[in-house]
Amino acid sequence: MCGRFTRTKTIQEYAEYFEAEGIDENELDYNITPSDSILAVVAENDQTRHLTWFHWGLIPFWSNGPDKRFSMINARHESLKQKPAYRTPFKRHRCIIVADGFYEWKQTEDGKQPYYIKLTSDEPMALAGLWDNWESKETGESIYSTSIITTDANKIIKPVHERMPAILPAETFSFWLDPMNEDTEKLEELLKPASSELFDVYPVSRRVNNPINNDLQLLKDVTG
DNA sequence: CCAGACGTTGTT
DNA sequence: GTCTGG
DNA sequence: CCAGACGTTGTT
DNA sequence: GTCTGG
């Protein structure tokens with residue numbers, strides 16, 4: 001699954017990498033947790049791309065509002081076409097969530113050991129995501145929210161965890177983001193596990209476990 | 001037809 | 001909104 | 001995802 | 001055990 005990740009570069013770098021219109025804000029984060037605001041790329045009908053913030057945890061537009069009983073921080077790619085919460089967003093509300101790496105935990109005899117997973121190339125990680133917009137009938141308040149799509153873990157991640165986020169290669173960004181594209185068969189093919197050869201996986205400090213910790217040292221390999 | 005649900009992971 | 005269950 | 005909190009009534 | 005908060 002993907003329940004914690006990082007965003008370690010500047011907005012300007014992401015704007016350039018994703019060929020998207022930036023925003024006049026910046027916030028590095030070494031320990032992003034569910035319910036945080038997260039950065040994503042969306043495209044308009046004319047294919048113009050924008051960076052924008054979303055609440056992490058999908059709130060369907062038809063729901064009565066944020067509901068803590070549900071934690072829709074991840075969407076299994078196997079259920080996108082079927083589940084009511086994901087069907088329409090998969091057709092019309094796809095986005096790319098901006099990350100540089102993510103954490104997964106392995107249960108050990110003496111507790112939970114976090115691992116950091118990043119691209120060997122040090123490029124940004126393009127996580128496949130869905131978004132929705134919920135509006136309050138009372139106040140008119142609008143919440144843009146998002147969910148990260150998960151898929152089977154690849155060979156290098158499987159020893160740590162059974163699932164991983166779907167990661168998009170740069171040449172598929174346009175196809176994935178195009179809001180007019182409703183070819184769910186072909187879109188689904190992009191959600192296969194990314195190749196093991198692209199990744200570094202290593203154990204990091206258990207300070208990651210507590211979301212209050214948020215500093216560059218969290219990314220340090222503790223193997224020695 | 002209406003009522004009610006609408007989620008994932010890991011662990012058991 | 002849309003699907004499932006009754 | 002993990003960490004941390006978690007409850008009411010009646011009597012003093 | 002289960003829910004909330006971060």
> Over how many whole Å does the gap from A/Trp105 atom CH2 to B/dT11 atom P extend?
Replying inline: 14 Å
> Base, sugar-phosphate, or nothing for A/Ser79, non-hydrogen atoms under 4.0 angstrom?
Replying inline: sugar-phosphate
> Which base sits across from B/dC2 as a Watson-Crick or G-U pair, both distances under 3.5 Å?
Replying inline: C/dG5
>> Measure CE/A/Met72 against C1'/B/dA5 and give the value in whole Å, please.
In response: 12 Å
> Say you pick atom P in B/dT11 and the same atom in D/dC2; how far apart are they, in whole Å?
Replying inline: 9 Å
> At under 4.0 Å between heavy atoms, what does A/Phe61 touch on the DNA or RNA strands: base, sugar-phosphate, or nothing?
Replying inline: sugar-phosphate
>> Measure CG/A/Leu127 against C1'/D/dC1 and give the value in whole Å, please.
In response: 14 Å
> Looking only at atom P, what distance separates E/dG5 and D/dG7, rounded to whole Å?
Replying inline: 12 Å
>> At 4.0 Å (heavy atoms only), tell me whether A/Pro60 reaches a base, stays on the sugar-phosphate, or touches nothing.
In response: nothing
> Quick one: A/Asp67 CG to B/dA5 P, roughly how many Å, whole number?
Replying inline: 12 Å
>> To the nearest 0.5 Å, what is the distance between CD on A/Glu162 and OG1 on A/Thr150?
In response: 12.0 Å
>> So, OP1 or OP2 of C/dT2: does either fall under 4.0 Å of a side-chain N or O from A/Arg87?
In response: no
> Side chain of A/Asn209: nearest nucleotide among B/dT8, D/dA3, C/dT4?
Replying inline: D/dA3
> For the pair made of CG in A/Asp29 and P in D/dC1, what is the distance, rounded to whole Å?
Replying inline: 18 Å
>> If I take atom OG1 from residue A/Thr172 and atom CD1 from residue A/Ile96, how far apart are they, to the nearest 0.5 angstrom?
In response: 6.5 Å
> Which nucleotide in the set B/dG7, C/dC3, D/dA3 lies at the smallest distance from any side-chain heavy atom of A/Tyr86?
Replying inline: B/dG7
> Can you find a side chain N or O atom of A/Gln107 that sits less than 4.0 Å from OP1 or OP2 on B/dT11?
Replying inline: yes
>> Within the structure provided, determine whether A/His50 and A/Val41 are in side-chain contact (heavy-atom separation under 4.5 Å).
In response: no
> Which one, D/dA3, B/dC6, B/dT9, comes nearest to the side chain of A/Arg163?
Replying inline: B/dT9
> Quantified in whole Å, what is the P atom distance between nucleotide B/dT8 and nucleotide E/dG1?
Replying inline: 23 Å
>> Just the rounded figure in Å: distance from P of C/dG1 to NE2 of A/His93.
In response: 14 Å
>> Nearest 0.5 Å, please: how far is OG in A/Ser142 from CG in A/Asn133?
In response: 3.5 Å
>> Checking A/Trp56 against A/Phe5 for the ring-ring contact (aromatic ring centres under 6.0 Å, His included) test, could you report, in this order, the C-alpha distance in whole Å, the side-chain angles of both residues, the deciding distance, and whether it holds?
In response: CA-CA 11 Å; A/Trp56 186 12; A/Phe5 67 99; 5.1 Å; yes
>> Just to be sure I understand the rule, does A/Thr150 reach a base, reach only the sugar-phosphate, or reach nothing, if contact means heavy atoms closer than 4.0 Å?
In response: sugar-phosphate
> With a centroid cutoff of 5.5 Å and a plane-angle limit of 30°, would you call A/Phe70 stacked on B/dC6?
Replying inline: no
> Watson-Crick or G-U wobble partner for D/dT8, using a 3.5 Å limit on both distances?
Replying inline: none
> Of all the nucleotides listed (D/dC2, C/dT4, C/dG1), which has the minimum atom distance to the side chain of A/Arg4?
Replying inline: D/dC2
> In whole angstrom, what separates A/Lys83's NZ from B/dT8's P?
Replying inline: 6 Å
> How many Å lie between CD1 on A/Ile32 and P on E/dG6, as a whole number?
Replying inline: 17 Å
> For the residue pair A/Tyr144 and A/Phe54, does the interplanar ring angle fall in the parallel (under 30°), tilted (30 to 60°) or perpendicular (over 60°) class?
Replying inline: perpendicular
> Taking the P atom of each, how far is B/dT9 from D/dC1, in whole Å?
Replying inline: 8 Å
